[in-house]
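Since the structure comes first, as structure tokens, the remarks are kept for the end.
Atoms considered below: every heavy atom in the structure, side chains included; atoms not considered: hydrogens, waters and symmetry mates. Every chain is numbered from 1, with letters handed out A, B, ... down the list of sequences.
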Amino acid sequence: MTLACPGQSQPWPEDVAAARRLQEALRARVVCVDRLVSPMRIGGVDIHYDRRRRRVFAAAVRLDPTGELQASALASAPLRFPYVPGYLAFREAPAALEALAVLESLDLLFVDGHGRAHPRRFGIACHLGVLLDLPTIGVAKSRLIGRFTEPGPEPGAWSPLLDGDEVIGAVVRTRARTRPVFVSIGHRVSLATAIRLTLAFARGFRLPEPTRLADRLSRAHGG
DNA sequence: GCGACAG
DNA sequence: ATCTTGTCGC
């Protein structure tokens with residue numbers, strides 16, 4: 001995994017206009033078909049924010065296909081971009097990339113947030129996927145854009161997330177009697193594969209195991 | 001002008 | 001994300 005890692009002194013957009021230009025430049029690099037191997041090293045990354053210190057804390061994990069933890073990493077970085085809907089990556093990616101840089105190569109990465117289900121089809125899952133040239137899946141806990149009908153009550157049920165006529169993701173019931181999650185392509189996976197892998201790694205929980213583990217580590221650390 | 005709005 | 005009490009459920 002090679003990094004174009006925005007460290008403390010690397011270029012990073014200063015405002016929303018510059019961030020938007022970067023998204024529009026990078027979005028063409030997103031690959032929406034399956035370009036992945038059978039995932040043996042599955043990553044998850046999650047971010048928390050410390051208001052007092054104005055820093056973001058990231059945790060990244062690597063699991064084997066049985067869900068066993070192989071490696072983990074923690075990182076933090078100063079806050080360099082506010083939370084603006086549609087620009088989450090500019091707030092969270094610097095710390096996330098630092099944590100991910102510590103891990104060995106991944107075959108797949110689950111990202112806490114949307115991928116293509118984004119106003120410019122370039123959410124944080126796409127952003128990390130393109131920067132790392134890694135297959136990524138966006139799994140968000142709530143909607144950013146798009147309309148949908150409620151998926152059926154049984155685990156595995158899903159309905160398309162639509163922006164006009166375009167399918168930008170899927171609303172997936174990973175667990176009974178629990179709100180669905182929003183799954184979208186990050187990079188180098190098809191939507192069908194993203195749904196299948198999300199269900200496979202959720203294993204009866206609402207969120208995929210790598211995301212849950214990263215979240216737990218991140219909380220235990222600074223968040 | 002008024003809502004909606006990942007984390 | 002974070003702020004926050006009780007409350008329901010395994």
Does this structure show an ion pair linking A:R121 with A:D163, if we count only N-O contacts that are shorter than 4.0 Å? yes
Please table the atom pairs, donor to acceptor, closer than 3.5 Å between any side-chain atom in residues 191-201 of chain A and protein atoms at least two apart or in another chain.
unit_1 : atom_1 : unit_2 : atom_2 : d
A:T193 : OG1    : A:D34  : OD1    : 3.0
A:T193 : OG1    : A:D34  : OD2    : 2.8
A:T193 : OG1    : A:S190 : OG     : 3.0
A:T198 : OG1    : A:A194 : O      : 2.7

Besides A:V33, the hydrophobic cluster formed by Ile, Leu, Val, Met, Phe, Trp and Tyr side chains linked at under 4.5 Å, directly or via other members, contains A:V31
Does either side chain, that of A:R55 or that of A:S76, offer a donor lying less than 3.5 Å from an acceptor on the other one? yes
Holding to salt bridge (charged side-chain N to carboxylate O under 4.0 Å, His left out), I want the full list of residues that pass it with A:R147, two or more places apart in sequence or in another chain. none
For residues 124-145 of chain A, which residue pairs pass the ring-ring contact (aromatic ring centres under 6.0 Å, His included) check, not counting sequence neighbours? A:F90-A:H127, A:F122-A:H127
Identify all side-chain donor-acceptor contacts of residues 148-161 of chain A below 3.5 Å with residues at least two apart in sequence or on another chain.
unit_1 : atom_1 : unit_2 : atom_2 : d
A:E150 : OE2    : A:R173 : NH2    : 3.3
A:S159 : OG     : A:T149 : O      : 2.5

Expected output check: what is the dot-bracket annotation of DNA chain B, where ( ) and [ ] are pairs inside the strand (brackets for crossing ones), | is paired with another strand, and pairs are Watson-Crick or G-U under 3.5 Å? .......
For the side chain of A:D64 and the backbone of A:E68, is there at least one donor-acceptor N/O pair under 3.5 Å apart? yes
CA sep, side-chain torsions, deciding dist, call: A:R203, A:E209, salt bridge (Lys or Arg N to Asp or Glu O under 4.0 Å): CA-CA 8 Å; A:R203 300 196 310 160; A:E209 178 98 56; 2.7 Å; yes
Give A:Y87 one of three labels, base, sugar-phosphate or nothing, depending on what nucleic acid heavy atoms sit under 4.0 Å from its own. base
Salt bridge (charged side-chain N to carboxylate O under 4.0 Å, His left out) against A:D107, all qualifying residues, sequence neighbours excluded: A:R41
With side-chain contact (heavy atoms from CB on, under 4.5 Å) as the criterion, how do A:L109 and A:V45 come out once you've worked through the C-alpha distance, each side chain's angles and the decisive distance to 0.1 Å? CA-CA 8 Å; A:L109 176 66; A:V45 63; 4.2 Å; yes
List DNA chain C stems (3 or more consecutive Watson-Crick/G-U pairs, under 3.5 Å)? none
How would nucleotides 5-10 of chain C be written as a contact map, 5' to 3', with B for base contact, S for sugar-phosphate-only contact and - for no contact, using protein heavy atoms under 4.0 Å? ------
Can any side-chain N or O of A:S184 pair as donor or acceptor with the backbone N or O of A:G169 at less than 3.5 Å? no
DNA chain B contacts made by residues 136-164 of chain A, counting heavy atoms under 4.0 Å: A:A140, A:K141, A:S142, A:R143, A:L144
In this structure, how many angstroms lie between the P atom of C:dT2 and the CZ atom of A:F57, rounded? 11 Å
Along DNA chain B, first and last positions that approach a heavy atom of chain A under 4.0 Å: B:dA4 to B:dG7
Are the side chain of A:R219 and the backbone of A:A214 linked by a donor-acceptor contact shorter than 3.5 Å? no
Side chain to side chain contact (heavy atoms under 4.5 Å, CB included) partners of A:D15, counting only residues at least two apart: A:A17, A:A18
Less than 4.0 angstrom from a charged side-chain N to a carboxylate O is my criterion; do A:D46 and A:R216 meet it? no
